[in-house]
*Asks:* 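Following this message is one structure expressed as structure tokens.
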Number of protein chains: 2
Amino acid sequence: MAETNGTGPATPEGPAASDGEATADGSATPDGQAAPAGPAAPDPPARARRRDAQRNQRSLLDAAAAVFVTSGVDAPVRDIAARAGVGIGTIYRHFPTRADLVVAVYRHQIDACAEAGPVLLAAGPTAHAALGRWVDLFADFLVTKHGLAAAMQGDAPGFEALHASFLERLLPVCADLLDAATAAGEIQAGVDAYQLMRGVGNLCAGAESDPRYDARRLVAVLVAGLAVPH
Amino acid sequence: MAETNGTGPATPEGPAASDGEATADGSATPDGQAAPAGPAAPDPPARARRRDAQRNQRSLLDAAAAVFVTSGVDAPVRDIAARAGVGIGTIYRHFPTRADLVVAVYRHQIDACAEAGPVLLAAGPTAHAALGRWVDLFADFLVTKHGLAAAMQGDAPGFEALHASFLERLLPVCADLLDAATAAGEIQAGVDAYQLMRGVGNLCAGAESDPRYDARRLVAVLVAGLAVPH
DNA sequence: TTGCAAAGCGGAACACGGTTCCGTATCGTC
DNA sequence: GACGATACGGAACCGTGTTCCGCTTTGCAA
């Protein structure tokens with residue numbers, strides 16, 4: 001299994017399986033019902049989620065994480081359900097679209113990536129350098145997840161959601177880095193954060209299965225191309 | 001490359017239908033039996049292809065071209081067969097894989113793109129500029145074909161072939177441009193023609209369905225990133 | 001503890017698209 | 001016109017996504 005060894009760099013983060021967090025906090029529920037996280041919920045009528053439901057959701061996340069590693073994010077729904085020991089209906093009830101499942105599985109990694117933005121910006125010698133490093137982080141994340149990058153391009157309505165979820169969290173971070181670099185006069189305007197992230201995502205598609213293709217290098221070239229032609 | 005229009009939709013280049021070339025020459029036969037290209041075929045016994053077979057192949061190409069425009073290169077096989085007025089079996093007989101069909105449909109456009117390489121190199125002020133312009137041409141080709149770029153990434157074995165066919169024709173052209181620019185000291189080495197084409201292809205994926213994303217601009221940025229940091 | 005309704009579950013059934021296979025029709029030749 | 005080779009058509013099969021509904025489990029309350 002653990003076939004994340006590409007040409008060298010081995011994934012620094014064990015697949016989300018073992019550390020069972022993900023939806024440990026109730027807020028991860030895919031259907032937007034998570035809202036009342038505050039202790040003072042104004043509407044106590046609704047019963048709490050049933051134990052078995054919570055248990056199943058957890059099982060599904062673990063199973064999905066494992067299956068994604070071996071079969072990519074396009075793995076058959078049935079495979080995931082089987083590994084989780086639940087029925088097909090259950091997976092659809094908890095995660096109406098595949099995007100919901102993918103987002104839930106990788107949520108903590110996305111968060112980590114988002115949090116790294118400001119840190120890199122503060123640490124880097126220049127904003128452009130920080131942007132480069134952050135983009136590398138993002139690219140690593142995408143490349144090491146089989147088919148994730150490819151999945152983010154599809155026209156399929158389900159993946160629109162995936163796209164949106166990723167962007168919602170990471171776009172502001174990327175925008176800050178981009179703005180900082182622009183403000184410092186290090187890069188020329190003309191490419192916004194959305195396009196940059198989309199471009200990076202695209203460059204990473206299919207990278208894991210082609211030894212002749214080094215997505216990270218091309219991503220670096222892309223970022224270099226943003227620099228002002230001094 | 002007829003359709004280098006910008007965002008304006010409408011395919012200005014009558015799908016390969018009208019100019020009936022494509023497989024007009026026997027060499028286009030999809031099944032790799034073309035190997036012994038040498039003019040001295042040692043076995044004249046085989047009968048010539050039947051008329052109806054030729055006719056059907058032509059119909060399929062026309063139908064595929066039309067369907068690709070409206071439904072993308074992922075259009076259901078049945079749709080293409082139906083439009084061509086033939087059975088499912090026939091399409092598989094003529095084009096064993098989808099890649100064969102796609103390549104056949106776009107062959108003349110690929111050729112045009114390949115031929116433009118040397119011309120641009122001779123005309124451009126610099127090799128780097130010529131490379132940039134040629135890459136634009138390639139990107140236009142990909143972007144205007146629904147899903148073509150995306151199809152070139154898939155792991156599916158069929159698309160491997162597609163990839164290979166495109167590359168076989170265009171890679172040398174791209175390599176020449178790249179070499180010229182490198183020789184002129186205009187760009188830094190480190191990205192070979194294969195990676196560049198793959199990267200451009202990736203950047204173009206899904207571009208047609210997202211107004212916020214301008215693949216051509218990012219491609220330009222990528223090419224700019226190749227320049228030596230003077 | 002037991003009863004009961006809500007919540008959740010499982011998986012059969014359906015939809016859809018790719019692919020194969022073989023009986024039949026068509027073509028080209030003798 | 002007859003005959004063999006060639007090609008055709010589409011039924012059938014498989015794998016996958018998605019829906020739907022009868023049955024089970026859970027948690028509360030009597």
Side-chain angles (χ1 to χ4, degrees), chain A residues 23 26 29-31 33 44-60 63-64 67-68 71-102 147 151 154-162, chain B residues 23 26 29-31 33 43-60 63-64 67-68 71-102 147 151 154-159 161-162:
Chain A
T23 59
T29 316
D31 48 356
Q33 72 179 14
R47 278 185 186 173
R49 288 255 306 294
R50 272 169 44 171
R51 285 271 167 64
D52 54 348
Q54 293 175 249
R55 202 184 325 124
N56 278 333
Q57 177 155 330
R58 176 69 72 83
S59 298
L60 279 170
V67 173
F68 285 172
S71 308
V73 294
D74 289 325
V77 181
R78 276 176 248 260
D79 286 2
I80 300 169
R83 183 177 245 267
V86 305
I88 312 266
T90 301
I91 200 170
Y92 276 97
R93 193 169 318 103
H94 286 287
F95 305 98
T97 74
R98 183 179 295 270
D100 293 318
L101 183 54
V102 173
D155 300 351
F159 287 135
E160 292 279 314
L162 196 172
Chain B
T23 58
T29 316
D31 49 356
Q33 69 179 18
D43 46 346
R47 279 185 187 175
R49 288 256 303 296
R50 267 168 45 171
R51 285 272 169 65
D52 54 348
Q54 294 176 247
R55 202 184 326 124
N56 278 333
Q57 178 155 332
R58 176 70 73 83
S59 297
L60 279 170
V67 173
F68 285 173
S71 309
V73 294
D74 289 324
V77 180
R78 277 177 246 258
D79 286 3
I80 300 170
R83 183 177 243 269
V86 306
I88 313 261
T90 302
I91 200 170
Y92 276 98
R93 195 168 316 105
H94 285 287
F95 305 99
T97 76
R98 183 180 295 270
D100 294 317
L101 184 53
V102 172
D155 299 350
F159 287 134
L162 196 171

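Computed over heavy atoms, backbone and side chain alike; hydrogens, waters and symmetry mates excluded. Naming convention: chains lettered A, B, ... in sequence-line order (proteins, then strands); numbering from 1 in each chain.
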*Asks:* To the nearest Å, how far apart are B:Asp100 CG and C:dG18 P?
*Replies:*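 Rounding to the nearest Å, CG of B:Asp100 and P of C:dG18 are 15 Å apart.
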*Asks:* Separation of A:Gln57 atom CD from C:dG8 atom P, in whole Å?
*Replies:*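 Atom CD in A:Gln57 sits about 11 Å away from atom P in C:dG8.
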*Asks:* With a 4.0 Å limit, can you tell me whether B:His94 has a side-chain N or O closer than that to the phosphate oxygens OP1/OP2 of D:dA7?
*Replies:*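 B:His94 to D:dA7 OP1/OP2: no side-chain N or O under 4.0 Å.
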*Asks:* Given atom CD of A:Gln54 and atom P of D:dT25, what is their separation to the nearest angstrom?
*Replies:*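 It is 18 Å, rounded to the nearest whole Å.
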*Asks:* Could you tell me which non-hydrogen atom of B:Ala63 sits nearest to which non-hydrogen atom of B:Ile80, and how far apart they are?
*Replies:*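 Answer, listing the atom of B:Ala63 first, then B:Ile80: CB-O, 3.7 Å.
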*Asks:* Which residues within residues 79-88 of chain A lie with some heavy atom under 4.0 Å of an atom in DNA chain C?
*Replies:*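 When residues 79-88 of chain A is checked for heavy atoms under 4.0 Å from DNA chain C, the hits, listed by number, are A:Gly85, A:Val86, A:Gly87, A:Ile88.
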*Asks:* Write down the distance between CG (B:Asn56) and P (D:dG9), rounded to a whole number of angstrom.
*Replies:*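 It works out to 6 Å between those atoms.
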*Asks:* I'd like to check the side-chain contact (heavy atoms from CB on, under 4.5 Å) partners of B:Thr90; sequence neighbours left out, ordered by chain and number.
*Replies:*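 Scan of B:Thr90 (side-chain contact (heavy atoms from CB on, under 4.5 Å), adjacent residues dropped) gives B:Asn56, B:Leu60, B:Val86, B:Arg93, B:His94.
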*Asks:* Within the 4.0 Å heavy-atom criterion, would you say B:Arg78 contacts the bases, only the backbone, or no part of the nucleic acid?
*Replies:*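 Here B:Arg78 touches the bases of the nucleic acid.
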*Asks:* Could you give the CD1-to-P distance, from A:Ile91 to D:dT16, as a whole number of Å?
*Replies:*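 Between P of D:dT16 and CD1 of A:Ile91: 14 Å.
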*Asks:* Which atom names give the shortest non-hydrogen contact between B:Arg98 and B:Val73, and what distance separates them?
*Replies:*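 Minimum heavy-atom separation between B:Arg98 and B:Val73: NH1-O, 2.8 Å.
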*Asks:* Under 4.0 Å between a side-chain N or O of A:Thr90 and OP1 or OP2 of C:dG10?
*Replies:*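 Yes, A:Thr90 has a side-chain N/O under 4.0 Å of OP1/OP2 on C:dG10.
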*Asks:* Mind listing the closest non-hydrogen atom pair of A:Gln57 and A:Arg49 along with its distance?
*Replies:*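 Scanning both residues completely, I find the closest heavy atoms to be OE1-NH2, 3.1 Å.
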*Asks:* I'd like to check A:Val77 versus A:Leu101 (side-chain heavy atoms, cut-off strictly below 4.5 Å). Are they in contact?
*Replies:*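 A:Val77 does not reach A:Leu101 side chain to side chain.
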*Asks:* Could you tell me the separation between the CZ atom of A:Arg49 and the P atom of D:dT26, rounded to a whole number of Å?
*Replies:*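 My rounded result for the distance is 15 Å.
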*Asks:* Without decimals, in angstroms, what is the distance between A:Phe95 CZ and C:dC9 P?
*Replies:*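 The answer, rounded to whole Å, is 11 Å.
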*Asks:* Are there any protein N/O atoms within less than 3.5 Å of an N/O atom in nucleotides 22-26 of chain C, and if so, which ones and at what distance?
*Replies:*
residue: C:dT26; atom: O2; partner: B:Arg50; partner atom: NH1; Å: 2.9
residue: C:dT26; atom: O2; partner: B:Arg50; partner atom: NH2; Å: 3.2

*Asks:* What's the CG-P distance between A:Leu101 and D:dG17, to the nearest Å?
*Replies:*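 Atom CG in A:Leu101 sits about 12 Å away from atom P in D:dG17.
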